[in-house]
Amino acid sequence: MGIISRGFGGRRRDSAPNLPPGQYLTHDFPVLSAGPTPRIPLDRWSFTISTEVGQKHTWNWAEFTALPSEEFTKDIHCVTKWSKLGTTWKGVSLDTLFEDVETAADYVMAHSKGGYTTNIPLEDLLDGKAWIAYEFDGEPLDPEHGGPARLLIPHLYFWKSAKWVNGLEMMHEDEPGFWEAAGYHMYGDPWSEQRYQGD
Amino acid sequence: MVRTALPGRLTWQAATVTAVRAETPSARTLVLDIPDWPGHLPGQHLDLRLTAEDGYSAQRSYSIASDWPGSGPVEITVQRLADGEVSSYLTDVVQVGDRIELRGPIGGWFVWRSAQPAPVLLVAGGSGVVPLMSMIRDRGRVRGRQPFRLIYSVRTPEDACYADELKRRVRDDPGLDVHFVHTRKGPDPKRIDVATVNTYGWPPDFAPDVFVCGPTGFVETVADILVALGHDPKKIRTERFGGK
Ligand SMILES: Cc1cc2nc3c(=O)[nH]c(=O)nc-3n(C[C@H](O)[C@H](O)[C@H](O)COP(=O)(O)OP(=O)(O)OC[C@H]3O[C@@H](n4cnc5c(N)ncnc54)[C@H](O)[C@@H]3O)c2cc1C
């Protein structure tokens with residue numbers, strides 16, 4: 001435990017049993033991005049998985065939204081300390097997208113429109129743990145929240161859930177993405193408070 | 001994307017509050033003596049942790065307001081939010097001599113490096129001025145010659161942080177311009193719009209480095225205006241403080 005702050009009681013109005021340590025509940029939907037919100041026309045949208053041997057699997061919007069989709073309700077946790085419980089999404093499971101992808105690599109770099117990147121172990125994307133989501137609360141995903149489509153990995157801090165995602169690149173070795181190179185944790189488990197390098 | 005070496009581990013440490021200063025009726029600056037502060041770049045923030053007697057704790061991020069002259073105290077400026085858990089404690093309860101836990105500096109993206117030669121446009125909404133002030137102070141300290149412009153949106157003239165210092169800096173420094181937008185009260189109450197950014201910002205062909213900071217809605221609006229005016233999205237860095 002840290003040093004006691006004189007006179008601090010805390011409001012703790014929003015304690016919840018399923019809140020990771022250091023997080024507080026929010027009811028609105030905060031936006032965090034490193035730059036302006038890109039607007040991506042659906043007819044110019046595409047998503048590509050590239051393997052370590054250079055094979056590419058690409059979907060355009062029509063092909064992507066024709067894939068089997070899932071609706072799911074998850075809690076999300078931002079490294080800036082807010083959590084939002086019970087958010088409802090629709091999207092394509094990464095299991096579906098990886099069905100025909102042959103890879104022996106263990107790590108993935110997610111790429112987004114605008115140059116944002118973030119790294120994830122492949123096993124954290126598979127077995128029903130991650131999606132490319134394109135609806136939030138029954139509506140098309142707003143551009144400010146990553147629309148038309150974003151990665152969603154609810155069990156990791158939200159910076160891993162790359163907005164405006166347009167590709168996944170397989171890597172043999174783990175390499176830092178955008179925030180990771182700026183000192184954020186390579187993995188980002190909210191339950192172990194892996195906010196920054198060394199946590 | 002640049003792949004750089006990872007910085008070292010961030011550890012929590014106790015800082016001592018050595019002074020408090022009212023900036024506005026609802027914002028105050030805390031001057032912190034931090035024994036093992038490694039220094040920071042303008043635009044970085046720190047994480048602060050408060051702990052109650054029973055072990056309950058709350059963490060929040062606060063931008064660093066001061067520049068880093070190589071030694072000396074670190075300053076943060078906190079805006080009280082009605083009913084805010086941490087901001088109301090920092091603005092109403094904390095006194096000189098209190099100890100506060102923090103760690104940092106954090107953030108390597110929303111930073112201005114004084115070696116960058118481009119002109120700079122700063123756009124602040126409310127307490128979003130804090131990291132931008134650190135940039136203005138650092139430019140002053142190193143006598144940077146990059147022309148700086150700040151567009152600063154506040155509700156009323158009384159809500160402007162660092163008002164006297166900004167006035168003095170503008171008077172003494174021809175390379176610095178400040179334009180205020182008052183949204184509620186003042187000679188011409190209005191919200192920031194295309195005309196404001198066009199008139200008081202830099203034209204896109206000057207290729208300025210742009211830093212926009214404030215509440216989420218404010219940052220969204222300004223970033224959209226900048227892109228519509230033709231600024232390269234890659235030159236626009238944003239920091240969203242949360243809230244409406
Ligand atoms: C990188 C970064 C830098 C920042 N820098 C600064 C800075 O320099 N200066 C600064 O002042 N702030 C800064 N912030 C914001 C700061 O971190 C805090 O978010 C802010 O101080 C509010 O915290 P709080 O504990 O006072 O409010 P909270 O208790 O978290 O509440 C926030 C708001 O939500 C409302 N609210 C919360 N819970 C409920 C509920 N259950 N029902 C109804 N309403 C609710 C509160 O009334 C309040 O208005 C920064 C944020 C980031 C991410």
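Below, chains carry the letters A, B, ... as their sequence lines are ordered, and counting in each starts from 1. Below, all heavy atoms of this structure are taken into account, side chains as well, without hydrogens, waters or symmetry copies.
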Select one option (side chain, backbone, both, neither) describing which atoms of [X] are under 4.5 Å from chain A's heavy atoms.
X      : answer
B:T11  : neither
B:V94  : backbone
B:L226 : neither
B:I100 : backbone
B:Q59  : both
B:F110 : neither

Is it true that a side-chain atom of [X] and a backbone atom of [Y] form a donor plus acceptor pair closer than 3.5 Å?
X      : Y     : answer
B:T238 : A:G35 : yes
B:R240 : A:S33 : yes
B:R49  : A:I3  : no
B:W109 : A:A34 : yes

Name the option with the most non-hydrogen atom pairs under 4.5 Å to chain B; the candidates are A:P38, A:P36, A:G198.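 Highest number of pairs under 4.5 Å: A:P36.
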
Heavy-atom closest pair, residues [X] and [Y]:
X      : Y      : result
B:R103 : A:D199 : NH1-OD1, 2.8 Å
A:A182 : B:G108 : CB-N, 3.9 Å
A:G9   : B:A52  : O-CB, 3.8 Å

Pick from B:V227, B:V212, B:D98 with the largest number of heavy-atom pairs that fall under 4.5 Å of chain A: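 Most heavy-atom pairs under 4.5 Å with chain A: B:D98.
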
Side chain to side chain, [X] and [Y], heavy atoms closer than 4.5 Å:
X     : Y      : answer
A:S5  : B:R99  : no
B:L10 : A:Q197 : no
A:R6  : B:V93  : yes

Using heavy-atom distances under 4.5 Å, tell me whether A:W179 contacts chain B through its side chain, its backbone, both, or neither.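 For A:W179, the side chain is the part near chain B, not the backbone.
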
What pairs with B:F148 under ring pair (Phe, Tyr, Trp, His ring centres under 6.0 Å), at least two apart in sequence or on another chain? B:W112

If you count the non-hydrogen atoms of other residues, nucleotides and ligands that lie under 6.0 Å from [atom1] in [X], is the total more than 12?
X      : atom1 : answer
A:K113 : NZ    : no
A:E102 : CD    : no
B:R191 : CZ    : no
A:E123 : CD    : no

Within residues 29-48 of chain B, which positions have a heavy-atom distance to chain A below 4.5 Å?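 Interface residues of residues 29-48 of chain B: B:H45, B:D47.
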
Is the cationic atom of B:R60 (NZ for Lys, CZ for Arg) positioned less than 6.0 Å from the six-membered ring centroid of A:Y24 and within 45 degrees of its normal? yes

Would you please classify the geometry between the A:F8 ring and the B:Y56 ring as parallel, tilted or perpendicular, with 30° and 60° separating the classes?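 Parallel: the ring planes of B:Y56 and A:F8 meet at under 30°.
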
